[in-house]
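Below, all heavy atoms of this structure are taken into account, side chains as well, without hydrogens, waters or symmetry copies. These figures come from a predicted structure and were not determined experimentally.
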Amino acid sequence: MRSLIDIQRKIVPEALMLLEKRYAILKEICLSKSIGRRLLAQRMDLSERIIRSEVDFLKEEGLVEINPSGMEITAAGLEILDLLGDHISEIRGLSEIENRLRVALGIKDIVIVPTSTDSNPNALKELGRAASRYFLKLVKPDSIVGITGGYTMYEFSEQMPRKDYSDMMIVPARGGLGEVLEIQSNTIVAHLASRLNANYKLLQIPDSINKDIMERIYNDPQIKSVYHFIERIDCLVFGIGNAHDMSLRRNIKQEQWDVIKRAGAVAESFGHYFNIDGEIVFETGTVGIRPDQYKRMNRIIGVAGGEGKADAILAISKINKNLVLITDESAAFSILNRLQ
């Protein structure tokens, strides 16, 4: 028997088009926090007249409200947005792709966000929002949560709704990379803890550090107290890194990168470079969670989008089959093409 969506495509295709348009407008308002009609029209590539008409409808339904600072989504709008997410994925055929990739990769679960980081400037926000929703379903109230740094993880914390997890502990899974303050793991941990009303610890040392110095640092009582929690992380959320991009972030010298590249590295996580089969081909001096600990974890969420992350995702998916992958359309279809 044909699905309801197939029937709708035959009988009332305009209804599905209208649903997708209103969903996209509501989602843009949500991700923008507060936005004016003119800017919304520009971002949606729609006329101001159409935006005005659709926003008036959403306002009458109590899904958005209009303030002097701009339009904002309401609690009812957020609820509708969450309920519609799976339906929109089915309309676009993403649910079928999710099932195919979950089986092909052999991982616990996969969520494909209906956007692309290669073309949509708000795509990282959508990835962060999808990851935060899944995290709240997966995590336990008294979990010890590990978080890595990066722009994707920043959006994960930024899109997290306010909750009360006073028994939860959040710690950085890695040291700092000396980058922009907002995307340091310590900053993200503190911000996420404030959103969840959780406890947190900071790791005030760089990620790449000489092994001799590292051994001496580990004896510091304050560092030991943080590592006590890092070693007991039971829920990890991390960004999946492309090997070359991460070598640039780590300021790896060109001659060293040439060695790593010749070894077949396509992914970087936890201070280690992996080939397409998920095997370690190069190790850097790193602070925080290590691959052997990662392999034993049951609750892990990896987030990455963009066609350029396809090989990295393939590599990381082979290390621990408990992985929940949050990705976008461009990465998903690129992975599917590689598997075929």
Side-chain angles (χ1 to χ4, degrees), residues 20-21 23-32 35 39-46 81 85 88-98 100-102 104-105 107 109-134 148-159 179-180 182-183 237-250 257 261 265-269 274 276 301-317 323-340:
E20 283 200 70
K21 180 170 68 175
Y23 171 81
I25 291 172
L26 194 60
K27 183 173 63 175
E28 189 68 34
I29 294 172
C30 171
L31 294 174
S32 299
I35 188 172
L39 181 56
L40 179 60
Q42 291 173 354
R43 288 187 180 177
M44 300 296 301
D45 196 22
L46 295 170
L81 202 59
I88 295 297
S89 291
E90 185 131 3
I91 290 173
R92 295 193 181 182
L94 295 182
S95 297
E96 180 185 348
I97 301 299
E98 286 174 346
R100 289 171 62 185
L101 281 179
R102 182 172 57 249
L105 296 175
I107 58 177
D109 205 359
I110 179 171
V111 174
I112 301 173
V113 176
T115 187
S116 170
T117 56
D118 294 328
S119 57
N120 183 354
N122 268 337
L124 278 185
K125 292 182 179 180
E126 294 189 49
L127 281 175
R129 187 168 182 274
S132 68
R133 287 175 60 199
Y134 206 107
T148 62
Y151 288 103
T152 308
M153 289 297 96
Y154 167 79
E155 290 298 347
F156 165 72
S157 67
E158 186 70 11
Q159 300 301 323
E179 302 172 303
V180 178
E182 286 79 6
I183 66 170
V237 187
F238 69 105
I240 298 173
N242 170 286
H244 182 252
D245 293 344
M246 289 303 297
S247 74
L248 296 176
R249 285 179 60 187
R250 287 177 165 274
W257 164 244
K261 183 180 179 181
V266 297
E268 192 277 351
S269 284
F274 301 88
I276 197 72
I301 299 175
V303 193
E307 187 176 348
K309 292 288 185 74
D311 284 344
I313 291 170
L314 278 168
I316 298 301
S317 68
L323 175 68
V324 172
L325 173 65
I326 312 293
T327 192
D328 65 359
E329 288 182 89
S330 55
F333 284 107
S334 183
I335 293 168
L336 201 60
N337 289 335
R338 283 162 168 75
L339 292 173
Q340 290 175 340

Hey, are the side chains of [X] and [Y] touching, using non-hydrogen atoms and a 4.5 Å cut-off?
{"X": "Glu98", "Y": "Val111", "result": "yes"}
{"X": "Trp257", "Y": "His244", "result": "yes"}
{"X": "Thr117", "Y": "Tyr151", "result": "no"}
{"X": "Ile183", "Y": "Met153", "result": "no"}
{"X": "Val324", "Y": "Ile326", "result": "yes"}
{"X": "Ile316", "Y": "Leu325", "result": "no"}

- Message: I'd like to check the ring-ring contact (aromatic ring centres under 6.0 Å, His included) partners of Phe238; sequence neighbours left out, ordered by chain and number.
- Response: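 Listed in chain order: Phe270, Tyr294.
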Point-to-point distance, once rounded to the nearest 0.5 Å, from [atom1] of [X] to [atom2] of [Y]:
{"X": "Arg43", "Y": "Leu31", "atom1": "CZ", "atom2": "CG", "answer": "9.5 Å"}
{"X": "Ile112", "Y": "Ser95", "atom1": "CD1", "atom2": "OG", "answer": "8.5 Å"}
{"X": "Ile25", "Y": "Lys27", "atom1": "CD1", "atom2": "NZ", "answer": "11.5 Å"}
{"X": "Ile240", "Y": "Met246", "atom1": "CD1", "atom2": "CE", "answer": "12.0 Å"}
{"X": "Ile107", "Y": "Ile313", "atom1": "CD1", "atom2": "CD1", "answer": "9.0 Å"}
{"X": "Leu314", "Y": "Leu339", "atom1": "CG", "atom2": "CG", "answer": "5.5 Å"}

What's the shortest heavy-atom distance between [X] and [Y], and which atoms?
{"X": "Ser317", "Y": "Leu323", "value": "CA-CD2, 3.9 Å"}
{"X": "Thr327", "Y": "Gly305", "value": "OG1-CA, 4.1 Å"}
{"X": "Ile110", "Y": "Arg102", "value": "CG2-CB, 3.9 Å"}
{"X": "Val266", "Y": "Ile276", "value": "CG2-N, 3.7 Å"}
{"X": "Arg249", "Y": "Gly150", "value": "NH2-CA, 3.9 Å"}
{"X": "Ala312", "Y": "Gly241", "value": "CB-O, 3.6 Å"}

Please check if the side chain of [X] supplies one atom and the backbone of [Y] the other of a donor-acceptor pair under 3.5 Å.
{"X": "Glu268", "Y": "Phe274", "answer": "no"}
{"X": "Asn120", "Y": "Ser116", "answer": "no"}
{"X": "Ser132", "Y": "Phe156", "answer": "no"}
{"X": "Ser334", "Y": "Ala331", "answer": "no"}
{"X": "Ser157", "Y": "Tyr154", "answer": "yes"}

- Reference residue Arg129; test side chain to side chain contact (heavy atoms under 4.5 Å, CB included); the match among Asn122, Val113, Leu81: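 Between Arg129 and the candidates, side chain to side chain contact (heavy atoms under 4.5 Å, CB included) is satisfied uniquely by Leu81.
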- Dump the intermediate steps for salt bridge (Lys or Arg N to Asp or Glu O under 4.0 Å) on Lys125 and Glu158, then the final yes or no. CA-CA 8 Å; Lys125 292 182 179 180; Glu158 186 70 11; over 6 Å; no
- Query: Are there more than 12 heavy atoms of other residues, nucleotides or ligands under 6.0 Å from atom CD of Glu20?
  - Reply: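 Check passes, neighbour count above 12.
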- Item | Pairs satisfying salt bridge (Lys or Arg N to Asp or Glu O under 4.0 Å), at least one member in residues 328-340, at least two apart |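 Listed by first then second residue: Arg92-Glu329, Asp311-Arg338.
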